[in-house]
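Note sheet for the following structure.
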Amino acid sequence: MSKKFDLIAIGRAAVDLNAVEYNRPLEETKTFAKFVGGSPANIAIGSAKLGQKVGFIGKVSDDQLGHYVTQYMVEVGIDTSQMVKDDAGHKIGLTFTEIISPEESDILMYRNEAADLYLSADEVSKDYLAQAQMLVISGTGLAQSPSREAILKALLLAKELGVEVIFELDYRPYTWQNAEETSLYYQLVAQKADVIIGTRDEFDVLENHQGNTDEQTIATLFQYDANLIVIKSGVQGSNAYTKAGDKYHFGVFKTKVLKSFGAGDSFAAGFLYAYSHHLGIETALKYGSAAASIVISQLSSSEAMPNLAQLTEFIQKAETQEVH
C-alpha cells in the first residue's frame, strides 16, 4: 500500500553559517553565508530534492531563524505540519564553519539549550508516523531530554506500525555527557533499527571505543533487528553488509573538494533514495557516494543537495572516468 511519505525524519534542524572566505581560520573570517543545517534536516532536504515525499518532526525557535528554516523546508517540498515552534524562548542551534583547506575544515557549534533538543514525546504523533514508509532517526536527538524521549517514542511507534527505521548515527560530541551515556542510547536505538548508517568512528562510539573490526561490529548488531548496515570509511569508500551475509563495496568519486562537512547527510539522502526504490545495494552506495561528492565541492550542504537529474548526470560523467 502506498504511503503519503517515503520518509519522515526526526530531530535536529538548525542554521549553518558557512565561511565565505576560504583558506583562513575562523578567527580571521569576517563573512558567512546562511543555510539550513542539522543532519536530519539535511537528509530530509536532500531526499525531497531527489523527488522523495518527505515529512519532518522537529522543534525550531519561534523567531526569524526558526521561520527561515521552516520556510526553506516548505520551499523544497517537505511537509512541516509537525515542525513545532518553541514557546519557551529556546534558540535554534547555530553552526559556524571554517574552511582552511580541502583537507582541513572545522565546525564550531552553539547548541546550549538548542530548540531541537526540547522536542517532547507528546509532540510525536502516531497518526503522522503511520503515513511513512521509513523513519530516519539521527543520533544527535538522543543526547538530551526531552528530545531523547521523543526520539525513543517515535522509534517504538515506528516498530509497532511496521515503519522501517533508519538510524543515521550522526555523532556530535558537544551535547553528550560522556562516552558511556552515548554508547548506551546509541545501542538502544541500533538494536531496534532496520538499517544503520555511520562512519567507522561513529560505530566505535556506539560500541564505546572497543576498536572492533567491521566484521565484529556487524556480527553483534545482526543479532538484533538490523537487516542492513552501512559503514563509511572516508576516502576508502563505504561497505554495506546484509544480514543474509552479502557484502557490497563502493569507492569514492573524484571531485574538487572544498570542504569535508555535509558529506554524511548527502550520502544518506542518495543512498536512501536508491534503497527505497529497490535499485540494489550497490547502486545505493553509488548514489550516496555521488551525492556526497557533489556536496563537498560546494559551500553549502542543504542547498548543494542535488536533484535526481543532477545526480544521475554526475554519475554518468564520473563513470567515464575512474572510480577509485
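Computed from a prediction, not measured in an experiment: that's the story for all the values here.
- Between Glu113 and Lys91 no salt bridge is recorded (no basic side-chain N to carboxylate O distance below 4.0 Å).
- The backbone N or O of Ile231 lies less than 3.5 Å from no partner atom in the side chain of Ser238, so there is not a single donor-acceptor pair.
- Hydrophobic cluster membership differs between Ile43 and Ile151, with clusters built from Ile, Leu, Val, Met, Phe, Trp and Tyr side chains linked at under 4.5 angstrom.
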Please step through side-chain hydrogen bond (donor to acceptor under 3.5 Å, both in side chains) for the pair Gln216 and Thr220, ending with a clear verdict.
-> CA-CA 6 Å; Gln216 289 170 318; Thr220 300; over 6 Å; no
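- The minimum heavy-atom distance linking Asp86 with Gly89 is given by the pair OD1-N, 3.0 Å.
- The number of heavy atoms from other shown groups lying within 6.0 Å of NZ (Lys317) does not exceed 12.
- Within the cation-pi definition used here (under 6.0 Å to the ring centroid, within 45° of the axis), Lys34 qualifies as a partner of Tyr68.
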List the steps and the verdict of ring pair (Phe, Tyr, Trp, His ring centres under 6.0 Å) for Tyr275 and Tyr287.
-> CA-CA 9 Å; Tyr275 173 74; Tyr287 275 39; over 10 Å; no
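- Salt-bridge annotation for Arg172 and Asp170: present, with a side-chain N of the basic residue lying under 4.0 Å from a carboxylate O of the acidic one.
- A centroid separation of less than 6.0 Å is found between the aromatic rings of Phe5 and Tyr128.
- Considering every non-hydrogen atom in both Ala44 and Val54, the closest pair reads CB-CG1, 3.7 Å.
- The aromatic ring centroids of Phe32 and Phe35 lie 6.0 Å or more from each other.
- Put simply, the side chain of Ser289 gets close to the backbone of Gly251: a donor and an acceptor are under 3.5 Å apart.
- Taking hydrophobic clusters as Ile, Leu, Val, Met, Phe, Trp and Tyr residues chained together by side-chain heavy-atom distances below 4.5 Å, Leu188 shares a cluster with Phe222.
- No chain of hydrophobic side-chain contacts below 4.5 Å, direct or via other Ile, Leu, Val, Met, Phe, Trp or Tyr residues, connects Leu117 to Val36.
- In this structure, Ser276 and Gln52 approach most closely via the heavy-atom pair OG-NE2, 3.0 Å.
- Taking 4.0 Å as the cut-off between side-chain N and carboxylate O, Lys153 and Asp122 do not count as a salt-bridged pair.
- The two residues Arg148 and Ala143 have their closest heavy-atom pair at NH2-O, 2.8 Å.
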Check step by step if side-chain hydrogen bond (donor to acceptor under 3.5 Å, both in side chains) holds for Ser120 and Glu123.
-> CA-CA 5 Å; Ser120 61; Glu123 291 165 332; 3.1 Å; yes
Does the pair Ser2 and Lys53 meet the rule for a side chain to side chain contact (heavy atoms under 4.5 Å, CB included), with working shown?
-> CA-CA 11 Å; Ser2 178; Lys53 295 171 291 183; 4.0 Å; yes
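- Ring orientation note: the planes of Tyr118 and His90 are close to parallel, at an angle under 30° on the 30°/60° scale.
- Expressed to the nearest 0.5 Å, how far CG of Leu155 lies from CG of Leu135 amounts to 7.5 Å.
- A donor-acceptor pair under 3.5 Å is formed between the side chain of His67 and the backbone N or O of Asp63.
- Linking Ile, Leu, Val, Met, Phe, Trp and Tyr residues whenever their side-chain heavy atoms come within less than 4.5 Å places Ile166 and Leu279 in a single cluster.
- A continuous path of hydrophobic side-chain contacts links Leu311 to Tyr273 [ILVMFWY only; heavy atoms under 4.5 Å].
- The backbone N or O of Asn239 sits nowhere less than 3.5 Å from a side-chain atom of Lys247 that would complete a donor-acceptor pair.
- The pair Lys232-Glu168 counts as a salt bridge, with a side-chain nitrogen and a carboxylate oxygen less than 4.0 angstrom apart.
- Under a 3.5 Å cut-off, the side chain of Ser297 and the backbone N or O of Thr255 do not form any donor-acceptor pair.
- Of all heavy-atom pairs spanning Asn18 and Ser301, the tightest one is ND2-N, 4.4 Å.
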Worked verdict on Tyr174 versus Tyr171 for ring pair (Phe, Tyr, Trp, His ring centres under 6.0 Å) | CA-CA 9 Å; Tyr174 315 99; Tyr171 173 64; 8.7 Å; no
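- No donor-acceptor pair under 3.5 Å is formed between the side chain of Gln298 and the backbone N or O of Val295.
- Rounded to the nearest 0.5 angstrom, Gln82 CD and Leu119 CG are separated by 10.0 Å.
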